[in-house]
2 protein chains.
Amino acid sequence: MPRAGLTADRVTRAGAELADELGFDQVTPSVVARHFGVQVASLYSHVRNAEDLRVRIALLALEEMADRGAAALAGRAGKDALIALGDTYRDYAREHPGRYAAAQMRLDHETALASAGPRHSAMIRAILRGYDLTEPDQTHAIRLLGGAFHGYITQELGGSFDHSEPGPEKSWGRILDALDALLRHWPHEGQP
Amino acid sequence: MPRAGLTADRVTRAGAELADELGFDQVTPSVVARHFGVQVASLYSHVRNAEDLRVRIALLALEEMADRGAAALAGRAGKDALIALGDTYRDYAREHPGRYAAAQMRLDHETALASAGPRHSAMIRAILRGYDLTEPDQTHAIRLLGGAFHGYITQELGGSFDHSEPGPEKSWGRILDALDALLRHWPHEGQP
DNA sequence: TGCAAACACCTAATAGCATTAGGCAACTGC
DNA sequence: GCAGTTGCCTAATGCTATTAGGTGTTTGCA
């Protein structure tokens with residue numbers, strides 16, 4: 001009987017594709033096994049268990065997004081960079097909703113540190129170099145940007161904007177304008 | 001044999017408490033049944049299925065948050081109102097992480113319309129009356145605020161800030177300052 | 001070229017969860 | 001105090017996750 005040619009990597013990639021098609025929470029060992037036409041138990045040589053499978057998909061997604069982000073940021077600064085990174089995340093989420101959801105998984109500290117997560121913070125921090133912010137405001141701004149990007153994308157993906165005007169495209173553009181303006185005129189502590 | 005006294009409402013409330021203790025995705029009919037010392041099948045008279053149980057918890061959470069938000073907003077305007085609503089969400093999420101996670105569930109359109117969801121948009125819109133925004137910027141601002149609140153809270157709850165300075169309390173305060181400043185000086189379309 | 005080790009996949013077994021059908025006993029209203 | 005309702009039960013089905021141990025295929029090395 002010919003083999004399916006499973007490896008941890010191919011299992012993870014297939015899981016990621018299934019996540020995009022079916023939703024991240026539908027990705028289970030049995031679904032992946034069916035996809036390969038293989039017995040469920042066969043997966044357990046490549047992936048420790050269901051949780052491990054999901055974590056691997058999350059790590060893959062974080063990596064892919066970081067790679068895209070880095071490419072988009074190359075040679076850009078200021079508002080251009082802000083838009084480039086924001087669009088990277090948003091486009092990725094729309095192309096790969098399951099992977100994007102995976103990337104939001106809570107990872108344990110050690111795994112998170114070894115993941116592409118820190119690259120993401122570094123990219124946002126790099127963007128802020130184009131604005132006139134010093135610590136600790138830089139950290140506050142990173143947290144705001146990360147939250148705003150993720151929050152907006154989550155709402156859009158969740159269909160929150162499906163039945164109202166204006167379209168999400170328009171809002172996104174204006175929100176990036178607004179965030180850029182905010183970063184250029186970040187309020188001082190204790191100011192009116 | 002004495003009865004446990006189940007009703008759809010008590011099942012939902014117990015599910016919500018279990019969500020806060022164990023995490024929303026751990027809330028299943030079997031866990032709830034064990035909590036009541038009852039056979040799993042007994043739940044099915046009160047709740048249609050596992051999905052229905054989760055949706056009910058989500059609706060409860062949305063309602064509770066809207067109630068708290070409305071109370072917090074009473075008699076406040078402008079930045080005070082912004083802080084009040086933001087704190088409402090954040091405090092709720094920290095007190096009831098499982099319920100908060102439930103509230104982020106994607107609901108189908110009809111259910112969403114009948115939920116307390118619209119009350120939340122209305123509250124944010126009410127806050128914006130304290131600022132000088134007209135449509136469509138008002139809608140953009142609602143989407144930004146909703147996303148920023150949710151995104152920040154998700155990050156904080158997910159432990160993203162656990163190993164860095166400054167503390168989440170500090171960042172939250174400064175981010176509210178920043179959002180207030182942004183709403184007061186919302187950039188016009190096509191402005192530098 | 002051929003053998004042995006490594007390995008990809010299998011079968012079998014256990015245990016937990018979701019869901020449905022049908023039954024009995026405990027409450028409720030008259 | 002009885003009849004009807006209904007809350008909870010047992011039983012049964014089928015799916016999923018996970019582990020253990022077996023078998024045939026592939027690969028590296030002599």
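In what follows, chains are A, B, ... by sequence order, proteins preceding strands, each numbered from 1.
Scored by the side chain to side chain contact (heavy atoms under 4.5 Å, CB included) test, B:Glu156 finds B:Arg90, B:Arg94, B:Tyr152, B:Phe161, B:Pro168 as partners (sequence neighbours excluded). With sequence neighbours left out, A:Tyr92 forms a ring-ring contact (aromatic ring centres under 6.0 Å, His included) with A:His96. Residues that satisfy the side chain to side chain contact (heavy atoms under 4.5 Å, CB included) test with B:Arg76, not counting sequence neighbours, are B:Asp80, B:Ala81, B:Ala84. Remark: B:Asp87 engages B:Ile83, B:Asp91, B:Trp172, B:Leu176 in a side chain to side chain contact (heavy atoms under 4.5 Å, CB included) (not counting sequence neighbours). A search for ring-ring contact (aromatic ring centres under 6.0 Å, His included) contacts involving B:His46 returns nothing, not counting sequence neighbours.
Residues from residues 40-48 of chain B with heavy atoms under 4.0 angstrom of DNA chain C, sorted by number: B:Val40, B:Ala41, B:Tyr44. Contact check of residues 19-33 of chain A against DNA chain D (heavy atom, cut-off under 4.0 Å) returns A:Thr28, A:Pro29, A:Ser30.
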Report, one line per pair, each donor and acceptor closer than 3.5 Å where one atom sits in a side chain of residues 109-124 of chain B; sequence neighbours left out.
unit_1	atom_1	unit_2	atom_2	d
B:His109	ND1	A:His163	NE2	3.4
B:Thr111	OG1	B:Asp108	OD1	3.3
B:Thr111	OG1	B:Asp108	OD2	2.9
B:Ser115	OG	B:Ala112	O	2.7
B:Ser115	OG	B:Gly117	N	2.9
B:Arg119	NH1	B:Asp67	OD1	3.1
B:Arg119	NH2	B:Asp67	OD1	3.0
B:His120	ND1	B:Tyr89	OH	2.7
B:His120	NE2	B:Leu62	O	3.0

Give every donor-acceptor pair under 3.5 Å between a side-chain atom in residues 23-38 of chain B and any protein atom, sequence neighbours left out.
unit_1	atom_1	unit_2	atom_2	d
B:Thr28	OG1	B:Ser30	OG	3.3
B:Thr28	OG1	B:Val31	N	3.3

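Rounded to an integer number of Å, the gap from A:Asn49 CG to D:dA20 C1' is 16 Å. In this structure, B:Gln39 atom CD and C:dA21 atom P are separated by 19 Å, rounded to whole Å. Atom-to-atom, CG of A:Leu6 to P of D:dT26 comes out at 14 Å; the value is rounded to the nearest Å. Here the P atom of nucleotide D:dC8 and the CZ atom of B:Phe36 are 9 Å apart, to the nearest Å.
Taking side-chain N and O atoms only, A:Arg34 has a distance below 4.0 Å to OP1 or OP2 of D:dT16.
Ion pairing between a basic and an acidic side chain is recognised when a charged N comes within 4.0 Å of a carboxylate O; A:Glu63 and A:Arg99 show no such pairing.
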